[in-house]
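Presented below is the structure to which this report refers.
Each chain gets a letter, A, B and so on, in the order the sequences are listed, and its residues count up from 1.
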Number of protein chains: 2
Amino acid sequence: MTPWLDAAQQRSWRALVEGAGSLLARLDKHLRDSHGLTLAEYEILVHLSESHLHMSELAAQVSHSRARVTQTVDRLVRAGLVERSPCPQDRRGVHAALTGTGRVRLEAAARDHVLEVRRLAVDVLDPDELTAVGTAMAKIRTVAQD
Amino acid sequence: MTPWLDAAQQRSWRALVEGAGSLLARLDKHLRDSHGLTLAEYEILVHLSESHLHMSELAAQVSHSRARVTQTVDRLVRAGLVERSPCPQDRRGVHAALTGTGRVRLEAAARDHVLEVRRLAVDVLDPDELTAVGTAMAKIRTVAQD
DNA sequence: CGCCACTTGTTGACATGACAACTACACCGG
DNA sequence: CCGGTGTAGTTGTCATGTCAACAAGTGGCG
């Protein structure tokens with residue numbers, strides 16, 4: 001009574017999982033090698049570049065555990081890319097913000113990262129194929145996220 | 001001189017990366033919780049269920065480092081799901097094969113895994129959307145793989 | 001044969017992630 | 001104001017992944 005996948009679904013599915021894995025692994029490796037940043041660190045920096053945030057908001061936005069965000073931010077602080085500051089309104093809270101060098105490093109990394117993104121995904125797909133993947137993965141994200 | 005992504009590309013791209021991340025995280029967690037298997041372990045078992053393999057071939061098929069495969073197989077051997085045996089033709093080589101219990105455990109896990117796959121991906125997409133994602137991710141895989 | 005370059009699989013050191021326990025603080029209802 | 005409940009962030013422990021170095025074996029070529 002197991003609702004197996006048919007051959008075509010099987011193929012699509014394996015391509016999806018394996019492609020997703022290879023893609024993320026590649027992006028991580030590229031950022032490590034050329035900028036000394038983890039993909040996780042990079043994503044945190046990106047979110048901090050858009051607005052200063054509390055740790056919890058940050059965790060929610062990147063959908064990582066608070067513990068993980070603590071550690072990642074630790075590293076970024078040690079590297080001088082991020083600053084922590086206590087939050088006056090809620091003394092439990094901690095405010096995280098990019099430093100000047102953090103912004104510089106992020107911009108450098110981002111420029112290079114985009115090239116890799118193009119090479120690995122945007123340029124390999126037709127424009128409408130990309131948007132199709134986008135809407136499909138957005139659906140998956142909402143189901144897989146919570 | 002930086003070829004940035006336009007707004008639509010940006011959206012598609014973020015959906016792709018975040019969706020891919022959430023998806024893999026979910027699958028891993030589901031397998032851990034309900035079957036005590038890592039996603040990496042599961043994939044190894046799947047490939048071994050199709051044919052007995054040398055460690056290197058295995059590593060190539062799942063696109064993990066040989067070191068990683070060694071460790072993963074170590075765990076599977078300790079759990080009694082896989083057997084190692086020396087290869088007569090090439091005395092450097094090691095042959096890995098599913099045990100009886102390994103096959104049983106895999107089949108149980110697979111049944112459940114497919115349900116999760118449906119829930120997270122197959123059922124949330126229209127059939128043609130799934131195939132579109134499949135072909136697109138296959139392209140990405142070939143570029144990101146090597 | 002004997003040497004050298006390459007491959008195979010493993011190992012150990014280290015980085016990163018998951019998870020549960022903990023402290024400090026906030027907030028609600030009495 | 002006080003006590004209990006919940007939230008924010010951190011910490012420690014353990015599982016897993018990465019990487020470089022290694023021993024053992026292969027294969028070509030003098």
Starting at OG1 of B/Thr72, measure out to CD of B/Glu43 and round the result to the nearest 0.5 Å. 10.0 Å
Residues B/Lys29 and B/Asp33 bridged, charged N to O under 4.0 Å: yes
Atom CG of A/Leu24 and atom C1' of C/dT16 are separated, to the nearest Å, by 15 Å
How do A/Ala40 and B/His95 order along DNA chain C: which one's closest nucleotide is nearer the 5' end? B/His95
Find the distance B/Leu31:CG to D/dT16:P and express it as a whole number of Å. 13 Å
Could you go step by step and tell me if A/Tyr42 and A/Leu106 meet the side chain to side chain contact (heavy atoms under 4.5 Å, CB included) rule? CA-CA 7 Å; A/Tyr42 177 80; A/Leu106 173 58; 3.7 Å; yes
Centroid-centroid distance, B/His113 to B/His30, less than 6.0 Å: no
B/Arg78 CZ to D/dA15 P: how many Å, rounded? 10 Å
Can you tell me the distance, in whole Å, between the CD atom of A/Gln89 and the P atom of C/dA26? 11 Å
Between CZ of B/Arg26 and P of C/dA18 the distance, given in whole Å, is 13 Å
Looking at D/dT26, does its base get a donor-acceptor pair with the side chain of B/Arg92 below 3.5 Å? no
Over all heavy atoms of both residues, which pair between B/Gly134 and A/Ala15 is shortest? Give the atoms and the distance, please. O-CB, 3.5 Å
B/Leu39 atom CG is separated from C/dA18 atom C1', nearest whole Å, by 15 Å
Same cluster for A/Leu31 and A/Val104 if Ile/Leu/Val/Met/Phe/Trp/Tyr side chains link at under 4.5 Å? no
Here the residues of residues 49-74 of chain A within 4.0 Å heavy-atom distance, strictly under, of DNA chain D are A/His54, A/Met55, A/Ser56, A/Arg66, A/Ala67, A/Thr70
How many whole angstroms separate atom CG of A/Leu37 from atom P of C/dT16? 10 Å
Assign each of B/Arg32 and A/Asp33 to its nearest nucleotide of DNA chain D by heavy atoms, then name whichever residue's nucleotide is nearer the 5' end. B/Arg32
Between C1' of D/dA8 and CZ of A/Arg84, the distance in whole Å: 12 Å
Considering just the side-chain nitrogens and oxygens of B/Arg75, establish if one lies under 4.0 Å of OP1 or OP2 belonging to D/dG17. yes
Which value, rounded to the nearest 0.5 Å, describes the distance between A/Gln61 atom CD and A/Leu58 atom CG? 6.5 Å
